[in-house]
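Lettering of chains follows the sequences in order, A, B, ..., and the numbering in each one begins at 1.
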Amino acid sequence: MNIEMQLKGKLIAAVKELYGQDINEGQVQVQITRKDLTGDFTIVVFPLIKISKKSPEETGKDIGEHIKRNDPTVVNYNVVKGFLNIELAADYWLTLINEIAEQDRHGYLRAEDNAPLMMIEYSSPNTNKPLHLGHIRNNLLGYSLSRIAEASGKRVIKTNIVNDRGIHICKSMLAWKKWGKGVTPQSSGKKGDHLVGDFYVKFDQEYKAEINTLIQTKISDYPVLKDVIDFKTTLLGLKNKKKTKEGLNEQEIVQLKACEELNKYAEKNAPLMLEAREMLLKWEDKDKEVYSDWEMMNQWVYAGFDVSYKKLGVDFDKIYYESDTYTVGRDMVLDGIEKGAFYRKEDGSVWCDLSDVGLDEKLLLRKDGTSVYMTQDIGTAKLRYDDFDIDKMVYVVGNEQDYHFQVLSLVLDKIGFKWGKDLVHFSYGMVELPQGKMKSREGTVVDADDLVDDMVNTARDMSQQMGKLEGYTSKEAEEVYQMIALGALKYFILKVDPKKNMVFNPEESIDFNGNTGPFIQYTHARIQSIFRKAAEKGIQVGTAAPTHVEIGEKENNLIRTIANFPNVVAEAGHVFSPAIIANFTYDLAKEYNQFYHDCPILFEEDEDKRMMRLILCKTVGKTIKNAMWLLGIDVPEKM
RNA sequence: GGUCCGGUAGCUCAGCUGGAUAGAGCAACAGCCUUCUAAGCUGUAGGUCCUAGGUUCGAAUCCUAGCCGGAUCACCA
């Protein structure tokens, strides 16, 4: 039982005895005392004055006195503006820190064999382009969440669904066929995922050109558009005007409609798109040539992804491929028609009607029988639940897909899967650049590999300038550079509330000072340095601190913070937020640096005090390491 | 237009299950290395917590309305 709970119990007993009333836990508030006031825990007495029928000050004094009399660990109390601050004895805190010092995994819960099984899906890349900054946020969040869940006592399976089929893949394949001249990663020296991504871009360029041509030849079919000179600008202009207060006049409404119709026609009927569609059909028919090209190009991409994942330090327990799951999904959709959950339109396409819950109709199979995104997600879910005894399924996917997951949940429920309703979409915000959103057309997409490489280079430069890695081999030093670079990147991204959009400035934002990963890593390295020095000086570091020494303000802050770590882990696991862990770790590191600055450790002459501080250092070091582990960040011995 | 998310210092973000004087970092300015790692520490300056109402002992936090920004509503994924 933790101290807050104990205090709450004492408070309830005090109210009962003093005022003869029973109150429940919801009526009492115990919080950690603000740093600028004396005390360890604070009881808010306002909710109690109705019961005491006295002023907040008097009520606070009554209760404070009562608790102090009945609890030997409470040595003092004070009442400020209706807040009762309780001060605990130093030996209580020192006993506590000794208990914590014994544990290697303070704050973590052990996952028992029968603990709930949580499957966490993250990454989910498309095989038509390399990973970028957006994927980085996804991967880091997913990986960190899985560790937090593990430390919260869950059994965890990290999974990835690779988007290896669909029209987008056909686009890259088609472009490679047409313009690739047989180029391979080997022949070009290019990473496979980047090479395939280049052809996706190529397709898009040629496709756009075809759309324009098609629009020019067809525009004469629309009399309302006869005065239009630049189609694109007109369409964009009308769309924007529609959003303004002024709105569109009648003629403009007709024009916009015509524009959109023509545009859609062109997008659908551009020769390249028709070819890609045909290729998708062939692929679903397992056409020999298409299939072998597909397999070859996929291998290139997987090899590339493996490198990127390794660079980021993330991994998976089980990988699913949509090429395996989409047929399962298709069968389930067809099955759903028979069950009456879905229906077929005249053209042969299959739909799910969700208008009864205020949503639209949703397409599940195209009229040509090919699968869409939703189809494969249904199949993947089915396979996963067949493979594992999942208690909770978590999808780490961006918030632009909120609607998709709302629908998926309903669709799964409709075909009778009991787990459909309670799937969790862990929805995170977008990463933007200082100039705004990343746009591939404008070349502002930040490539994942490049970003990590840049960070490592920066870390290496800075580290070498400071020259604190003497005695390290170049291989050891290189490991530290990697650690720092990844620490900076991961911390920068994970410290932000996942739900929110965030701005990432590649040049300026990745700092190594202040509220950053390296700052925390540095604090850890500093602590380790103390122990190296202690060994040099022949100072023994015991296993427990003497409990009779006095503790100062900084020491008290540190102990209280560490003691709170289990609550922080539990909270982070509850609301799925690495940011909570990151903020905690920063606070701890900052407090430690203040302590380090103010209090001599090895130079302390009072042996008991020195021992107490060393135990404290040890515990802080371990807690930093454990907290950073939850973020997927390693900490160095030297830096 | 419907639905959802957000708006806190010049910038990037905490704080949001209602609690005391709204906090950090960056940037700016001023200090601290003959002592355990200065990637550190200390100080100064910087605020209409988008606006207006409401709820109450108490609102950045909850409710309503509005303003601004974003996402989404595809036979894309």
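- Close to B:U12, at under 4.0 Å from its OP1 or OP2, lies no side-chain N or O of A:Asn515.
- Comparing the same atom, C1', in B:G23 and in B:U61 gives a spacing of 15 Å after rounding to whole Å.
- Remark: aromatic rings of A:Tyr522 and A:Phe519 are distant, center separation not under 6.0 Å.
- Residue A:Lys590 places at least one side-chain N or O under 4.0 Å from the OP1 or OP2 atom of B:G25.
- Taking side-chain N and O atoms only, A:Tyr403 has no distance below 4.0 Å to OP1 or OP2 of B:U72.
- Both distances falling under 3.5 Å, in either a Watson-Crick or a G-U wobble arrangement, place B:G1 opposite B:C73.
- Under the Watson-Crick and G-U wobble criteria, each requiring two contacts below 3.5 Å, nucleotide B:U48 is left unpaired.
- Put simply, A:Arg34 has no side-chain N or O that comes within less than 4.0 Å of OP1 or OP2 on B:A22.
- Comparing the same atom, P, in B:U34 and in B:C29 gives a spacing of 24 Å after rounding to whole Å.
- Across all strands shown, B:G54 is found opposite B:C62 as a Watson-Crick or G-U wobble partner, with both distances under 3.5 Å.
- The ring of A:Phe46 lies on top of the base of B:G19, close enough and flat enough: under 5.5 Å between centres, under 30° between planes.
- Checked by distance alone, A:Ser463 brings a side-chain donor or acceptor within 3.5 Å of a matching partner on the base of B:A39.
- Note: A:Trp283 and A:Tyr326 meet the aromatic proximity criterion, with ring centroids under 6.0 Å apart.
- More than 90° away from 0 lies the glycosidic angle of B:C68, which makes this nucleotide anti.
- Across all strands shown, B:C29 pairs with B:G43; the Watson-Crick or G-U wobble distances both stay below 3.5 Å.
- With both ends at atom P, the span from B:G40 to B:G47 equals 26 Å, rounded to whole Å.
- As rounded to the nearest Å, B:A9 and B:C49 have P atoms that lie 10 Å from one another.
- Using Watson-Crick or G-U wobble geometry with both donor-acceptor distances under 3.5 Å, B:A38 finds no partner in any strand shown.
- Taking the nucleotide of RNA chain B with the nearest heavy atom to each of A:Asn513 and A:Leu363, the more 5' of the two is matched to A:Asn513.
- B:U48 sits 26 Å from B:A30 when the P atoms are compared, rounded to a whole Å.
- Side-chain N/O atoms of A:Thr42 and base N/O atoms of B:A20 include a donor-acceptor pair closer than 3.5 Å.
- Nucleotides B:G18 and B:G2, compared at atom C1', are 32 Å apart to the nearest Å.
- Taking side-chain N and O atoms only, A:Lys495 has no distance below 4.0 Å to OP1 or OP2 of B:A24.
- A:Lys500 has a side-chain polar atom (N or O) that falls below the 4.0 Å cut-off from OP1 or OP2 of B:G7.
- Looking at which nucleotide of RNA chain B each of A:Asn399 and A:Asp497 is closest to, the 5′-most match is held by A:Asp497.
- For the pair A:Phe83 and B:A20, the ring geometry qualifies as stacking, because the centroid separation is below 5.5 Å while the planes lie within an angle under 30°.
- When the P atom is compared between B:G25 and B:C63, the two are found 32 Å apart, to the nearest whole Å.
- Figure legend. B:U12 is base-paired to B:A24; pairs are counted as Watson-Crick or G-U wobble with both atom distances under 3.5 Å.
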Full working for side chain to side chain donor-acceptor pair (under 3.5 Å) between A:Thr516 and A:Asp511: CA-CA 7 Å; A:Thr516 66; A:Asp511 209 326; over 6 Å; no
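- Base engagement by A:Ile484 is indicated by at least one non-hydrogen atom pair under 4.0 Å involving a base atom.
- A salt bridge links A:Asp36 with A:Arg34: at least one charged nitrogen is closer than 4.0 Å to a carboxylate oxygen.
- Rounded to whole Å, the C1' atom of B:A45 lies 12 Å from the corresponding atom of B:G10.
- Pairing for B:G6 goes to B:C68, judged as Watson-Crick or G-U wobble with the two contacts each under 3.5 Å.
- The closest side-chain donor-acceptor pair between A:Thr42 and A:Asn85 falls under 3.5 angstrom.
- Geometrically, A:Lys537 engages A:Phe603 in a cation-pi contact defined by less than 6.0 Å to the ring centre and at most 45° from the axis.
- Here A:Lys533 reaches the OP1 or OP2 of B:U37: one of its side-chain N or O atoms lies under 4.0 Å away.
- Using a 4.0 Å cut-off, no side-chain N or O of A:Arg366 falls inside it from OP1 or OP2 of B:A74.
- Checked against B:A77, B:U21, B:G40, the side chain of A:Ile167 finds its nearest nucleotide in B:A77.
- For A:His168, the side-chain atoms get nearest to B:A77 when compared with the rest of B:A77, B:G19, B:C36.
- For A:Glu322, counting side-chain heavy atoms from C-beta on, the closest listed nucleotide (B:U42, B:A38, B:A77) is B:A77.
- An OP1 or OP2 oxygen of B:C4 is reached within less than 4.0 angstrom by no side-chain nitrogen or oxygen of A:Gln406.
- Using modelled atom types, one side-chain atom of A:Thr380 and one backbone atom of A:Gln376 make a donor-acceptor pair closer than 3.5 Å.
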